[in-house]
Each structure stands twice: as C-alpha cells, then as structure tokens.
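In what follows, every heavy atom counts, from backbone to side chain, and hydrogens, waters and symmetry copies are set aside. Atoms within a ligand are numbered from 1 in the order they appear, just like the ligands themselves.
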Amino acid sequence: MKKVLSVNAGSSSLKFKLIDMPEEITLAEGNFERIGKNDAIFNFKAQQIKEKNVVSILNHEKAVQLLVESLTASKVIKDLKEIKGIGHRVVHGGEKFNDSVIIDDEVIKEIDVLKELAPLHNPHNLTGIKIFQKLLPNVPSIAVFDTAFHQSMAKEAFLYGVPYEWYEKYGIRKYGFHGTSHEYVSNRVSKLLGKENANVIVCHLGNGGSICAVKNGKSIDTTMGFTPLTGLIMGTRSGDIDPAIIPFMINKTNKTITEIENDLNKKSGLLGISGISNDSREIEEGIKNGNKRCILAQNMYTRKIASYIASYHVLLGGADAIAFTGGIGENSSQTRQEIVERLTVLNIDLDKNLNDVRGIERLISTKKSEIKCFVVPTNEEVMIARNVIRLTSQ
Ligand code: ADP
C-alpha cells in the first residue's frame with residue numbers, strides 16, 4: 001500500500017487528500033481557506049477526527065506545516081516517509097503537457113512560463129509545489145494538468161476561426177479545462193457500461209461547468225476554451241458570447257477591459273440573469289416562488305447544456321452514455337430532468353425514482369432510453385493519485 005497526497009493550491013486556499021493506493025481509500029482530507037489572514041480556516045478530517053480551526057496562517061508554507069503536523073499528530077501517518085508521492089493539480093499545461101509529469105526544474109520553469117495563459121492559477125499551483133518540495137524534499141512530486149486530457153483534440157476542434165498566426169505566435173486555441181474530472185468520470189462510465197471504447201458525454205456542472213465529448217477514452221471536444229470563461233452558462237461566468245459585445249460595452253459604459261472581463265467572470269451566468277444568486281439551490285428556490293428571472297436563468301442554463309449535448313452526440317457518431325457530475329450535476333435532480341426533457345427527440349428518458357438521487361453513482365435512465373444516463377460523483381483527487389502511482393512506478 002502506498003500513501004499519496006493530492007494537493008490543489010489556490011491563491012488563498014489549499015485542498016488536500018491523503019489516499020491509500022491502490023485501494024483508493026481516503027485516509028485524511030481537508031482544506032485551508034483565507035490563507036494570508038489572521039483568521040484563516042483549517043478543516044481537517046481523518047477517521048474519527050473532524051476539526052475546524054480558525055488560526056493565523058500568513059502564508060502557504062505555514063499551511064503546509066500545519067497539514068504535515070496534523071497528519072502525524074492524528075496518527076494517520078507515523079513517519080513522513082510513508083508518503084510515497086505528492087500529486088499537484090496544475091491548471092494550465094498548455095500544448096507542452098499532454099500527460100501528467102514528474103516535476104523537475106525544467107517542469108517548474110515550464111509551469112512558470114505557462115502562467116501567461118493562467119495568471120490566476122499557475123503561480124499559486126507553483127507555490128504549492130515549491131513548498132512541498134522544500135518541506136518534503138525526498139518525496140517525488142507530480143504535476144497533473146487540467147488541460148492535459150483535452151490535448152487529444154484535433155486541430156479542427158481546437159482552433160478558432162481567427163487568423164492562423166494568432167495560434168502560431170500567441171497560442172490562441174481551445175485548451176479546455178476540468179480534464180482530470182472528465183477523464184475520471186468517462187473512465188467510470190466505460191466500466192459501468194462494460195465497454196472500453198464507449199462514446200461518453202460528460203457534463204461537469206459545478207459553479208464552473210464544462211461538457212466533454214469522450215471517444216474511446218479520449219477527449220475529442222469540450223466547451224471551455226482558451227480560458228474557462230467560455231462554453232456553458234455557469235454560476236457567475238457568461239459562457240459563449242459574441243466577442244463584439246466587449247468593445248461595444250467598453251464604449252457604452254466607459255469601463256476598462258479589466259472591469260468588463262470581471263463582469264463576464266464574476267457577475268454573469270446564473271447570478272447575472274437571476275439577479276439573485278449563482279447557487280443553483282437558490283435558483284431552484286426562486287423558481288418555486290415563481291421568480292421569473294430565476295425561471296429564465298434556469299431555462300437558459302439547461303437549454304445551453306442540452307444544445308451542447310446534442311452537438312456532441314452528433315460529433316461522437318452517437319453517444320452511448322451521458323454522465324452528470326459536479327455540485328449541480330451530482331445533486332440537482334431537477335436540473336438533470338430539465339436537461340434530458342430538452343433531448344427527448346433523441347429518445348432519452350430518465351427514470352423519476354432513479355433520478356431522485358444526490359451524490360451517488362447510479363444509472364438514472366429508463367430501460368427504454370436509447371442513451372444511458374448516469375450520475376457519477378467526480379473524484380479528481382483519486383485521478384491525481386492514480387497518476388502519481390503510474391508515474392512513480394515506472
Ligand atoms: P466548483 O465548480 O466550485 O468546484 P462544485 O462542483 O462544488 O463547484 O458545485 C457547486 C455548486 O453545486 C453550487 O453552486 C450549487 O449550485 C450546486 N449544488 C450543491 N449542492 C446542491 C444541491 N443539493 N442541489 C442543487 N445544487 C447544488
């Protein structure tokens with residue numbers, strides 16, 4: 001048995017899971033929030049222990065120290081040597097990385113160069129990597145990229161209809177994100193179907209959301225693009241819009257390009273349309289109360305998802321299955337039902353009782369449904385740990 005730590009470091013947060021491999025048993029998990037503040041939060045869960053501590057954590061190094069201390073103090077591990085590898089989620093791997101990789105100085109340099117494409121993420125992912133390397137210098141660290149799974153897309157899928165030099169000179173293309181989740185879920189669906197070369201449409205619907213068309217285990221298209229802003233309508237992100245809206249709105253409002261970008265990232269989507277919330281539970285509550293803007297937001301949300309599913313069904317030459325994952329995909333039976341109702345022309349049908357489920361892996365379509373539908377809770381941490389094991393056992 002090998003203990004592997006999965007890490008996701010953000011600007012003021014750090015999530016972790018210690019997993020026993022290959023059994024894929026979670027030994028400890030938790031997260032830090034508000035790193036940099038005197039009242040940072042440290043959640044730690046292991047066996048019988050469930051703690052929430054409010055403590056001063058002024059930087060990521062302090063957070064990692066606390067994490068390591070908690071792992072030993074709680075006796076989840078006796079010795080740090082038991083940790084056989086650390087897998088770091090890295091948002092952007094550009095065109096350089098089409099797979100996970102063992103981190104060395106060269107890889108660190110590349111991740112740093114790629115910060116140009118993911119300025120809000122890669123630098124923080126890199127901070128996490130460097131601190132773990134400093135505190136646990138003998139443990140191999142592996143980078144698992146959110147973009148890597150989509151590197152299998154063909155040029156005709158990943159290019160935009162813009163001057164070709166934009167791609168050559170500036171790397172303007174669709175990269176796609178949520179790759180680790182799409183890979184994990186499509187893998188699970190293939191297993192559930194008992195079919196290795198399955199055609200699967202994975203709908204990752206969380207606060208951020210993306211859909212991926214998976215053929216024979218490989219991504220052939222996905223809805224996020226050069227950045228995570230495009231594709232589906234999300235909690236606070238606009239998804240696809242006509243790019244000409246941006247200069248038009250700059251002229252109309254005198255806002256800066258950064259302010260407009262912020263509006264599109266933080267004030268749009270379910271929040272922007274409903275005027276109430278980005279949280280689908282509150283949208284559902286609003287719908288119950290007859291709130292017209294919530295009804296509109298939900299209709300726009302499910303319409304967009306259904307049209308991408310239909311498009312990917314055609315691109316795949318017929319999907320075997322549709323999988324729902326992410327906070328909304330796993331929990332909202334109403335949203336799943338509304339999406340599938342928009343696809344009745346494809347002879348898809350959900351079983352009302354089976355669909356009445358939250359966060360549990362399950363077939364939810366009827367026997368007569370021509371495309372099987374599943375709820376599959378995602379597990380990016382396990383996917384990261386699998387990559388650590390694969391690369392460190394070579
Ligand atoms: P992130 O993209 O931040 O990882 P998550 O995958 O955790 O997001 O999804 C968060 C979203 O899931 C919330 O905004 C909320 O809308 C939705 N959600 C969580 N639980 C439920 C539920 N029981 N019913 C409906 N929606 C839910």
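For the residue pair Thr302 and Arg342, a side-chain donor N or O sits within less than 3.5 Å of a side-chain acceptor on the partner. Looking at Gln151 and Asn98, their side chains never bring a donor and an acceptor atom within 3.5 Å of each other. Side chains of Gln337 and Glu341: a donor on one and an acceptor on the other come within 3.5 Å. Side-chain atoms of His60 and Thr127 include no donor-acceptor pair closer than 3.5 Å. For Asn38 and Ser56, the side-chain atoms include at least one donor-acceptor pair closer than 3.5 Å.
At least one cation-pi condition fails for Arg188 and Tyr184: the charged atom is not both under 6.0 angstrom from the six-membered ring centre and inside a 45 degree cone around its axis.
Within 4.0 Å of ligand 1, contacts by protein heavy atoms are made from Gly206, Asn207, Gly208, Asp279, Ser280, Arg281, Gly326, Gly327, Ile328, Asn331, Ser332, Arg358.
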